[in-house]
Amino acid sequence: MAGSQVFPLTPLLRRPSRQPSAAPAPRVSPAAVRIPDPRQLSLNITFPAGQPQIFVHEGARQALERRLAQAYQRPVLLSVTDNCRRMISCSKRYGVLTARIHHMFLDAAPDVQDALVRYVVKSERGASQLVGKYIDENGHRIRATRALSFKTLTQGEHHDLLALFHKINDRYFAGQVDALITWGRRVRRPAGVDEGGRATPPARRRAIKLGTYSAMERLIRIHPVLDKPWVPRYFLSYVIYHEMLHHVMPATVVGGRRNLHPPIFQARERFFRDFDRAIAWERGHLHRLLRD
Ligand SMILES: [Zn+2]
């Protein structure tokens, strides 16, 4: 699939009324490449363990450095970072401005870059608000803030999560999703006890989360109840696709309330080829998933 394409074209032509108003920003700016997590690579490539963790397009870095130097009227040294906590830091010493700026700013709109320059060079208050808003909107582009303390498990007894993940990633996200995926841990539900003190089968679940996404770990967890031969691949793919959308689409905040599935999310969810089929399957099999 073409590198810049974000959604598949065919469903878009078929269902024009459901076209979302805007595509989410890619995880890394087009001018930077984050070294992929080796756990998720289908090729066996070894990257050096130390720095750098991203490769930055030198032309884009220099362009931003020039803008800063023009405003500062003195020399500027700009480094582009993939930090997870400090998005911007700078110091002015001996007439040289040293700035360290997150790569999300390399492809920011001109008004955001202007605000960034004013914020860094002149510490303008109004500029800091615009810059802060941009960081909020692009929080999903910040790398995992917490390292995984366990090994991911992608090969199940019946389904291979990584193979499905790569397929969906190529088809719907132009291969840009760099989240990790794993089967969740199988937790044994305790057996019940009947009136005569005999063990009974575990109680039926009341609800089940088939997939979750943790932005802190950049990790998609899929419930092990789905690793069954009777769970169709298109349904599992739908659950993975939904969680991948959480990875690329930040929650919207309206009136102080976080909405994880805003209308634009729901519209994009329907781009999934087997969306209707998957929803119907879930409806027909939820009782079995709750029991298993
Ligand atoms: Zn969701």
Ring of Trp230, cation from Arg288 - is the NZ or CZ under 6.0 Å from the centre and inside 45° of the axis? yes
Run the side chain to side chain contact (heavy atoms under 4.5 Å, CB included) test on Val177 and Val248 for me, step by step, so that the C-alpha distance in whole Å, both residues' side-chain angles and the decisive distance to 0.1 Å come before the verdict. CA-CA 7 Å; Val177 173; Val248 295; 3.9 Å; yes
Counting C-beta onward and ignoring hydrogens, is there a side-chain heavy-atom pair between Arg221 and Tyr213 closer than 4.5 Å? no
Let me see the working for Gln155 and Leu162 under side chain to side chain contact (heavy atoms under 4.5 Å, CB included), right down to the final yes or no. CA-CA 7 Å; Gln155 180 63 62; Leu162 200 51; over 6 Å; no
Closest non-hydrogen atom pair, Gly95 against Pro75: O-CD, 3.6 Å
Residues in side chain to side chain donor-acceptor pair (under 3.5 Å) with His242, at least two apart? His246, His261, Glu269
If you compare all heavy atoms of Ala127 against all heavy atoms of Ala115, which two are closest, and at what distance to 0.1 Å? CB-O, 3.3 Å
Please identify each residue that fulfils ring-ring contact (aromatic ring centres under 6.0 Å, His included) with Tyr119, with sequence neighbours left out. none
With Lys133, which residues qualify under salt bridge (Lys or Arg N to Asp or Glu O under 4.0 Å), at least two apart? Glu137
Do Leu245 and Tyr172 come within less than 4.5 Å of each other through their side chains, counting heavy atoms only? no
So, taking the atom named OH in Tyr134 and the one named CE in Met104, what distance separates them when rounded to the nearest 0.5 Å? 6.5 Å
In terms of hydrophobic clusters joined by side-chain contacts under 4.5 Å, are Leu130 and Val121 together? no
Side chains of Asn83 and Arg100: closer than 4.5 Å at any heavy-atom pair? yes
Contacts of type salt bridge (Lys or Arg N to Asp or Glu O under 4.0 Å), residue Glu282, not counting sequence neighbours: none
Where at least one partner belongs to residues 86-98, residue pairs that pass salt bridge (Lys or Arg N to Asp or Glu O under 4.0 Å), sequence neighbours excluded: none
With a 4.5 Å limit on heavy-atom distance, are the side chains of Ile101 and Thr81 in contact? no
So do Ile222 and His159 actually touch side chain to side chain, heavy atoms under 4.5 Å? no
Would you say His103 and Asp82 are linked by a side-chain donor-acceptor pair, where the criterion is simply a distance under 3.5 Å? yes
Arg277 meets the side chain to side chain donor-acceptor pair (under 3.5 Å) criterion, sequence neighbours left out, with Asp274
Apply side chain to side chain contact (heavy atoms under 4.5 Å, CB included) to Gln70 and list each qualifying residue two or more places apart in sequence or on a separate chain. none
Please check if any side-chain donor atom of Asp178 sits under 3.5 Å from a side-chain acceptor atom of His247, or the reverse. yes
Within this structure, what is the CD-CG distance for the pair Glu65 and Leu97, rounded to the nearest 0.5 Å? 9.5 Å
Main-chain N/O of Arg118 paired to Glu124 side chain as donor or acceptor, under 3.5 Å: no
Partners passing side chain to side chain donor-acceptor pair (under 3.5 Å) against Arg67 (at least two apart in sequence or in another chain): Gln113, Asp114
CD of Gln266 to CD1 of Ile264: how many Å apart, nearest 0.5 Å? 11.0 Å
Could you identify which residues cluster with Val96, counting Ile, Leu, Val, Met, Phe, Trp and Tyr as linked when any side-chain heavy atoms lie under 4.5 Å apart, either directly or through a chain of such contacts? Leu77
Chi angles and distances behind the salt bridge (charged side-chain N to carboxylate O under 4.0 Å, His left out) call for Asp160, Lys167: CA-CA 11 Å; Asp160 177 4; Lys167 230 177 172 170; over 6 Å; no
Can you tell me how the ring of Tyr238 sits relative to the ring of Phe275, calling it parallel under 30°, perpendicular over 60° and tilted otherwise? perpendicular
If I take atom NE2 from residue His102 and atom OG from residue Ser89, how far apart are they, to the nearest 0.5 angstrom? 12.0 Å
In the single-linkage hydrophobic clustering (I, L, V, M, F, W, Y; side-chain heavy atoms under 4.5 Å), do Leu286 and Trp281 co-cluster? yes
Compare every heavy atom of Arg61 with every heavy atom of Val80, then report the nearest pair and how far apart it is. CG2-CG, 3.6 Å
Only residue of Phe265, Tyr234, Phe272, Phe165 satisfying ring pair (Phe, Tyr, Trp, His ring centres under 6.0 Å) with Tyr241 is Phe272
Tell me, please, which residues at least two apart from Glu157 pass salt bridge (Lys or Arg N to Asp or Glu O under 4.0 Å). none
Once you round to the nearest 0.5 Å, how far does CD1 of Ile168 lie from CZ of Arg273? 11.0 Å
Shortest non-hydrogen contact between Phe150 and Leu219, atoms and distance: CZ-CD2, 3.6 Å
Do His57 and Leu106 have side-chain heavy atoms sitting under 4.5 Å apart? no
Is there side-chain contact between Thr182 and Ile220, with at least one heavy-atom pair below 4.5 Å? no
Tested for side chain to side chain contact (heavy atoms under 4.5 Å, CB included) against Leu226, the lone hit among Ile208, Leu210, Ile240 is Leu210
Heavy-atom nearest pair, Val120 first then Cys90, reads CG1-SG, 4.0 Å
Working for side chain to side chain contact (heavy atoms under 4.5 Å, CB included), residues Ile142 and Met87: CA-CA 9 Å; Ile142 299 169; Met87 298 297 108; 3.7 Å; yes
Please identify each residue that fulfils side chain to side chain donor-acceptor pair (under 3.5 Å) with Asp227, with sequence neighbours left out. none
Any non-hydrogen side-chain atom of Tyr72 less than 4.5 Å from a side-chain atom of Val117? no
Roughly how far, to the nearest 0.5 Å, is the CG atom of Leu68 from the CZ atom of Arg66? 11.5 Å
Could you tell me which residues satisfy salt bridge (Lys or Arg N to Asp or Glu O under 4.0 Å) with Glu243, sequence neighbours excluded, listed by chain and number? none
Run the side chain to side chain contact (heavy atoms under 4.5 Å, CB included) check on Leu180 and Glu217 step by step: do they pass? CA-CA 8 Å; Leu180 299 167; Glu217 297 162 303; over 6 Å; no
